There are 2 protein chains.
Amino acid sequence: MTSSKAAVGKPLRARKEAPAAEPTHEAGELAMGELAGLLGYALKRAQLRVFEDFLHCVAPVQLTPAQFSVLLLLDANPGRNQTEIATTLGILRPNFVAMLDALEGRGLCVRTRSPNDRRSHILMLTDKGRATLARAKKLVETQHEARLVELIGDDNRTALLAMLAKIAREF
Amino acid sequence: MTSSKAAVGKPLRARKEAPAAEPTHEAGELAMGELAGLLGYALKRAQLRVFEDFLHCVAPVQLTPAQFSVLLLLDANPGRNQTEIATTLGILRPNFVAMLDALEGRGLCVRTRSPNDRRSHILMLTDKGRATLARAKKLVETQHEARLVELIGDDNRTALLAMLAKIAREF
DNA sequence: TATTGTTATACTCTATAACTATA
DNA sequence: TATAGTTATAGAGTATAACAATA
């Protein structure tokens, strides 16, 4: 149980005899230079790491982050069609077809033609889909997100989430 | 000039007559459900948006985020070889070849065989590469990162960067 | 034998056009 | 004609194996 209110990035300035500003890189280590201050770079690196950990934590139920997001959205919005679900997740309709084929093939959800508009496919989670989602959610909460809170603290996680959401929405 | 110290995500609870908890979604809007609390999802969405804006801001010098990161690293570490630069950026050596071909083809950097180890290609920015990098850096600072600071504030940007770096490093 | 840069290759994501069946 | 789901396809990004030159 590490401190759950860990400070985020204490630079720990002041050592014995730092020559100037940047820490000397002894011909073996590369200097990150201004890369360290680039938000996009940090975002990408963190995102890759988080997805990697997600994949590992949710491995028992064999769901990718994208698949998990689809199941979550189907659960919160039963009876919607493919276009609505896909566009909400930023997935293009053509690319959503194969994704759904996989999920439906595993019996996690079903497509049914809408009686109102026979062009649309109404999407619903199956019981197995709901059970799988529940198992995945527990894994995400107790392993994935829990480890993250352990690393940066609960308040920081909330602040981080808020900033990311704001950027995605308003930037 | 919007407030540069903008609050990040004030939920603004308490309206006139909210039925229960979640805001009612009137058959036209989808409920994000627990997706809103998933850090990986927020990370991905924010990263996509930030890269999109980066691409737009740096369009005058025609550099992708990945290419910009290579030039930055070459500038901070002149005389390194391909393997060192690539692995530092998390790029696999085979995939770095075409990237370098493009940059070298535009005259932004050069490969020269090392006299010590004739297997290695020493990488160096050209004058044109340094000039292009300088132009790109100015665009990133004055447009891209500046807009981000305008959106979330300078302190929040610093905190965000620190958390993302910590996650990439230690998660 | 091990390493550097390279080629070839494959698999995933993403993006666009166009088809079909419905409306 | 317009829309929903679909197919085909092309382009990035990413991953592994293997080869030639060099150590």
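Proteins come first, then strands; the chains are lettered A, B, ... in the order of their sequence lines, and each starts at number 1. This one's a predicted model, so the numbers in the text were calculated from it and none came from an experiment.
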side-chain contact (heavy atoms from CB on, under 4.5 Å) assessment of A:L133 paired with A:L63: CA-CA 9 Å; A:L133 176 59; A:L63 287 178; 5.7 Å; no

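Of the candidate nucleotides D:dA17, D:dT6, C:dT4, C:dT4 has the atom lying nearest to any side-chain atom of B:T83. Checking D:dA4, C:dT16, D:dT7 against every side-chain atom of A:N81, the shortest atom distance belongs to D:dA4.
Atom P of nucleotide D:dA4 and atom CG of A:L100 are separated by 15 Å, given to the nearest angstrom. Separating the CG atom of A:N116 from the P atom of D:dT3 is a distance of 18 Å, rounded to the nearest angstrom. Per the geometry, CG belonging to B:L92 stands 15 Å off P belonging to C:dT6, to the nearest Å. When rounded to the nearest whole Å, the span between CG of A:L55 and P of C:dT12 equals 12 Å. One interatomic measurement links the two molecules: CD of A:Q82 to P of D:dT7, which rounds to 10 Å at whole-angstrom precision. The distance between atom CD1 of A:I122 and atom P of D:dT3, rounded to the nearest whole Å, is 18 Å. Rounded to whole Å, atom C1' of D:dG5 lies 18 Å from atom CZ of A:R80. If you take CE of A:M99 and P of C:dT14, they are 9 Å apart, rounded to a whole angstrom.
Checked by atom type and distance alone, the side chain of A:D154 never pairs as donor or acceptor with a backbone atom of A:V149 at under 3.5 Å. At distances below 3.5 Å, not a single donor-acceptor pair connects side-chain atoms of A:Q67 with backbone N or O atoms of A:L103. B:E145 places a side-chain N or O within 3.5 Å of a backbone atom of A:L39 that can act as its donor or acceptor partner.
Mapped onto DNA chain D by nearest heavy atom, A:K44 and A:R113 fall at different nucleotides, with A:R113 at the one closer to the 5' end. For the pair A:P115 and A:N95, both in contact range of DNA chain C, the more 5′-proximal nearest nucleotide belongs to A:N95. Mapping A:S120 and A:L48 onto DNA chain D by nearest heavy atom places A:S120 at the nucleotide closer to the 5' end.
A salt bridge links A:R49 with A:E52; the closest basic N to acidic carboxylate O contact falls under 4.0 Å.
Within the nucleic acid shown, B:D117 comes within 4.0 Å of sugar-phosphate atoms alone, with no base atom in reach, counting heavy atoms only. Nucleic acid contact class of A:R118 (heavy atoms, under 4.0 Å, all strands): sugar-phosphate only.
Note on A:R111: a side-chain N or O is less than 4.0 Å away from OP1 or OP2 of D:dT6.
A donor-acceptor contact under 3.5 angstrom links the side-chain atoms of A:R119 to the base of D:dT3.
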